[in-house]
Trainee: 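Sharing a structure, written as structure tokens. Questions coming.
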Amino acid sequence: MPTKKVPKKRRVLSGVQPSGEAHLGNYLGAFRQWVALQETDDCLFCIVDQHAITGDYDPRQLPQRIFDMAVSLLAVGLDPDKCSLFVQSEVPEHTELAWLFNAVTPVGELERMTQYKDKASRLESVPAGILNYPILQAADILIYRAEAVPVGEDQLQHLELTREIARRWNARFGEFFPEPQAIVSGMGRVMGLDGQAKMSKSLGNTVGILAEAPEIWARIRTAVTDPQRVTRQDPGRPEVCNVYHLHEHFPPDVGLDDIAQQCRTARRGCVECKRILADTITREFEPFRERAAYYRERKDEVLEILAAGARRASAIARRTMAEVRSRMGLDWRVALG
Ligand code: TRP
Ligand code: SF4
């Protein structure tokens, strides 16, 4: 029988911090895309607990945050039969590779990172982990020799540094790592419901993906809109309204044009406009709550999914490290013969 050649799938890796239950920003910025990519690519998705320790955190809460993030990822539709879902610390090769990447990463590049500058400026004493954070991120990606990385816009700089690290390592030790491409959703940044900062749980400007209808409504109801619509009669400008931008992410039944039109002509008030958005989000999130309830009741099943993900990831990571150690002269026993 002639063997049919199956084209090799593109390898994709992405990571998320174990921040507990995921929120709307995680969903629009990352997970919705992850769920789509698992259908077409060879995907590895990693809960990055070793990144989480670089910030302020409570060790007693970390295990539950990891678990809740895993449940959230399964809830939005990651399917363990279609992708590998695992926790970073269960594949210790990430940190080993990160250490080795220290050898080819210029401190000046790390100091240029916007995220580093933001965080460091708010701290009296800056842990080295905050500076070295992007090296571990590069290792997360390159240990699987991933070719593509779905990320939010705020991570593009870290991905550029990852490519730089790959280039420098290859130049020194021989061509081995690909230069991974970013996959950005193209929908732009998702602003918080306060219209001020990026969505984040700590800023309280978002809504959990497992929130029920009344809570979703409570959050959307207070969202900031076009400040020019002081009264119900004032015409609005959808292009400057964050609620409108959320409508773009969750296409309403009435159509986007209708939302914009009714806003510009002041025929629909903001409250009603938000009601439509809250209803659309509630409908899309509905199945998440059911799946989350299922997995929360089956802790062992979740733990086994993560273990299986780590086994598959480890097998790839071990192969990469064998080659890396060899090229860097660290397989000295073998080399000595
Ligand atoms: N730094 C990313 C964030 O804060 C999380 C992350 C860690 C990541 N490792 C990664 C994202 C590897 C993509 C690929 O969102
Ligand atoms: Fe925003 Fe809708 Fe109000 Fe227009 S009607 S300003 S789009 S909330």
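Note that ligands are numbered from 1 as they come in the structure, with each ligand's atoms numbered from 1 the same way.
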Trainee: Are there more than 12 heavy atoms of other residues, nucleotides or ligands under 6.0 Å from atom CG of Asp257?
Mentor: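 It does not: Asp257 CG has 12 such atoms or fewer within range.
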Trainee: List, ordered by chain and residue number, the protein residues whose closest non-hydrogen atom lies under 4.0 Å from any atom of ligand 1.
Mentor: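 Under the 4.0 Å cut-off, ligand 1 touches Leu13, Ser14, Gly15, Val48, His51, Tyr133, Gln137, Asp140, Ile141, Val149, Val151, Gln155.
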Trainee: Taking atom types as modelled, is there a side-chain donor on His158 or Tyr116 under 3.5 Å from an acceptor on the other?
Mentor: no
Trainee: In terms of ring plane angle, is the pair His51 and Tyr133 parallel, tilted or perpendicular, where the classes change at 30° and 60°?
Mentor: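 Geometry flag for Tyr133 against His51: tilted rings.
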Trainee: Enter the distance from Arg267:CZ to Arg232:CZ here, rounded to the nearest 0.5 Å.
Mentor: 10.5 Å
Trainee: Which pair of non-hydrogen atoms, one from Leu210 and one from Ser72, has the smallest distance, and what is that distance?
Mentor: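 Reported closest heavy-atom pair: CD1-OG, 4.5 Å.
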Trainee: Any side-chain donor paired with an acceptor under 3.5 Å for Asp279 and Thr282?
Mentor: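 No, no side-chain donor-acceptor contact under 3.5 Å.
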Trainee: Do me a favour and list the nearest non-hydrogen protein atom to atom 5 (S) of ligand 2 with residue, atom name and distance?
Mentor: Arg229 NH1, 3.1 Å
Trainee: Please enumerate all residues that pass side chain to side chain donor-acceptor pair (under 3.5 Å) together with Asp58, with sequence neighbours excluded.
Mentor: Arg60
Trainee: Got more than 12 heavy atoms from elsewhere within 6.0 Å of CD, Glu301?
Mentor: yes
Trainee: Would you mind counting protein N, O or S atoms that sit less than 2.8 Å from atom 2 (Fe) of ligand 2?
Mentor: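 Those protein atoms number 1 in total.
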Trainee: Checking Asp79 against Gln38: is there a side-chain donor and acceptor pair closer than 3.5 Å?
Mentor: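 No, because no side-chain N or O of Gln38 sits under 3.5 Å from a partner of the opposite role on Asp79.
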Trainee: Taking side chain to side chain donor-acceptor pair (under 3.5 Å) as the test, write out the residues that go with Gln64, two or more places apart.
Mentor: Asp68
